Amino acid sequence: HMFSVVFLRAYRKPRELTWLSGMLLLFLIGEATAQTSAAQSFRVFVRGVAAGSEEVTLLEAPEGYTLRGSARFNEPLNLSIEYWEARYDRAWKPIELSVNIVEGTNRWTVHTTVTGTNAYSDITQNGQNQRRNQIVTADTVLLPNLVFGAYEALGLFVLWRIARKVTSGLGGRGHWT
């Protein structure tokens with residue numbers, strides 16, 4: 001790409017080939033990096049004081065994306081998220097979300113599955129079970145509360161939507177519409 005810009009003077013009109021080659025390289029690089037799992041550690045601060053940490057891993061597979069991790073928070077939250085996992089298909093449509101939380105002697109487990117525009121949640125709090133059903137939009141993004149690293153999924157979802165919009169904006173005429 002740099003070769004075409006510098007040596008072939010692709011910065012001159014018509015620039016469409018330069019834009020297309022740049023976008024192609026961007027997507028190829030993105031695909032190459034997306035095949036690996038990416039683990040991140042986050043430090044959480046409350047009112048400027050270190051309050052805990054989180055571990056988040058993003059995995060990509062042919063069937064979609066999985067974010068998973070754990071977190072431990074000190075004062076003032078005093079809770080532990082032993083395990084959480086959010087799964088999405090290739091179009092970033094939610095499949096399921098699971099969260100296990102412990103606060104002192106209290107324990108919660110939440111498992112939500114999404115089918116179309118229906119979200120079914122099984123919630124267990126200290127051995128008491130309940131089921132909740134909700135209507136959601138088709139492009140819902142599931143994010144567990146107090147898992148700040150999960151917002152990485154939201155960023156990826158937004159980038160994916162932007163890339164989709166950009167590539168669909170090339171209207172067959174070889175330039176932006």
Side-chain angles (χ1 to χ4, degrees), residues 26-27 29-166:
L26 176 67
F27 287 115
I29 290 170
E31 285 297 316
T33 23
Q35 295 301 319
T36 61
S37 66
Q40 299 289 325
S41 295
F42 296 92
R43 294 185 63 182
V44 178
F45 292 83
V46 175
R47 295 184 199 109
V49 177
S53 63
E54 294 183 8
E55 299 292 323
V56 177
T57 302
L58 170 65
L59 304 164
E60 181 183 11
E63 63 275 1
Y65 304 93
T66 301
L67 277 99
R68 66 171 62 127
S70 61
R72 192 166 310 283
F73 303 109
N74 305 320
E75 290 286 336
L77 301 173
N78 287 329
L79 65 90
S80 172
I81 300 173
E82 296 177 326
Y83 177 80
W84 69 270
E85 180 176 277
R87 291 189 327 117
Y88 299 89
D89 68 11
R90 296 297 293 174
W92 281 100
K93 296 202 183 308
I95 298 170
E96 69 178 337
L97 171 68
S98 298
V99 184
N100 295 330
I101 302 173
V102 175
E103 178 199 27
T105 59
N106 296 315
R107 178 181 281 294
W108 293 271
T109 301
V110 178
H111 181 76
T112 301
T113 56
V114 178
T115 305
T117 58
N118 294 307
Y120 306 99
S121 296
D122 293 307
I123 304 163
T124 304
Q125 181 179 356
N126 298 325
Q128 300 292 322
N129 298 322
Q130 59 179 296
R131 184 164 178 86
R132 294 185 184 165
N133 300 327
Q134 294 214 261
I135 304 295
V136 296
T137 62
D139 60 352
T140 293
V141 176
L142 297 178
L143 296 174
N145 198 14
L146 292 176
V147 179
F148 307 106
Y151 287 88
E152 184 174 7
L154 183 60
L156 289 171
F157 172 72
V158 169
L159 287 174
W160 179 82
R161 295 287 292 258
I162 290 170
R164 224 173 109 201
K165 188 170 231 163
V166 165

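Just so you know, these numbers use all the heavy atoms, side chains as well, and skip hydrogens, waters and symmetry mates. Since we're looking at a predicted model, the values are computed, not measured.
For the atom pair Ser53 OG and Arg72 CZ, the distance stands at 8.0 Å (nearest 0.5 Å). For the atom pair NE2 (His111) and CD1 (Ile123), the distance works out to 12.0 Å, reported to the nearest 0.5 Å.
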Between Arg107 and Asn126, does a side chain to side chain contact (heavy atoms under 4.5 Å, CB included) hold up when you go through it step by step?
CA-CA 5 Å; Arg107 178 181 281 294; Asn126 298 325; 4.2 Å; yes
Go through the steps for Arg87 and Thr66 under the test side-chain hydrogen bond (donor to acceptor under 3.5 Å, both in side chains), then give the verdict.
CA-CA 4 Å; Arg87 291 189 327 117; Thr66 301; 5.3 Å; no
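Residue Gln134 qualifies as open at atom CD: its count of foreign heavy atoms under 6.0 Å is 12 or below. Heavy atoms from other residues, nucleotides or ligands lying under 6.0 Å from CD of Gln130 number more than 12.
Shortest non-hydrogen contact noted between Leu142 and Ala86 is O-CB, 4.4 Å. Of all heavy-atom pairs between Thr140 and Pro94, the closest is O-CD, 3.1 Å. The two residues Tyr88 and Ile95 have their closest heavy-atom pair at C-CD1, 3.7 Å. In plain terms, the two heavy atoms of Thr117 and Thr137 that are nearest each other are CG2-C, 4.4 Å. Pairing each heavy atom of Arg90 with each of Pro62, the nearest pair is CD-O, 3.0 Å.
Checking side-chain atoms of Asp122 against main-chain N and O of Arg131 turns up no donor-acceptor pair under 3.5 Å.
Side chains of Ile81 and Val99 form a contact here, defined as non-hydrogen atoms less than 4.5 Å apart. Inter-residue side-chain proximity for Glu54 and Phe73 is flagged as met; some heavy-atom pair is nearer than 4.5 Å. Proximity of Asn118 to Ile135: side-chain heavy atoms (C-beta onward) are separated by under 4.5 Å at one or more points. Residues Leu67 and Trp84 form a side-chain contact, since some pair of their non-hydrogen atoms from C-beta on lies under 4.5 Å apart.
Each of Asn133, Thr113, Thr112 was scored for a side-chain hydrogen bond (donor to acceptor under 3.5 Å, both in side chains) with Ser121, with one residue passing: Thr112.
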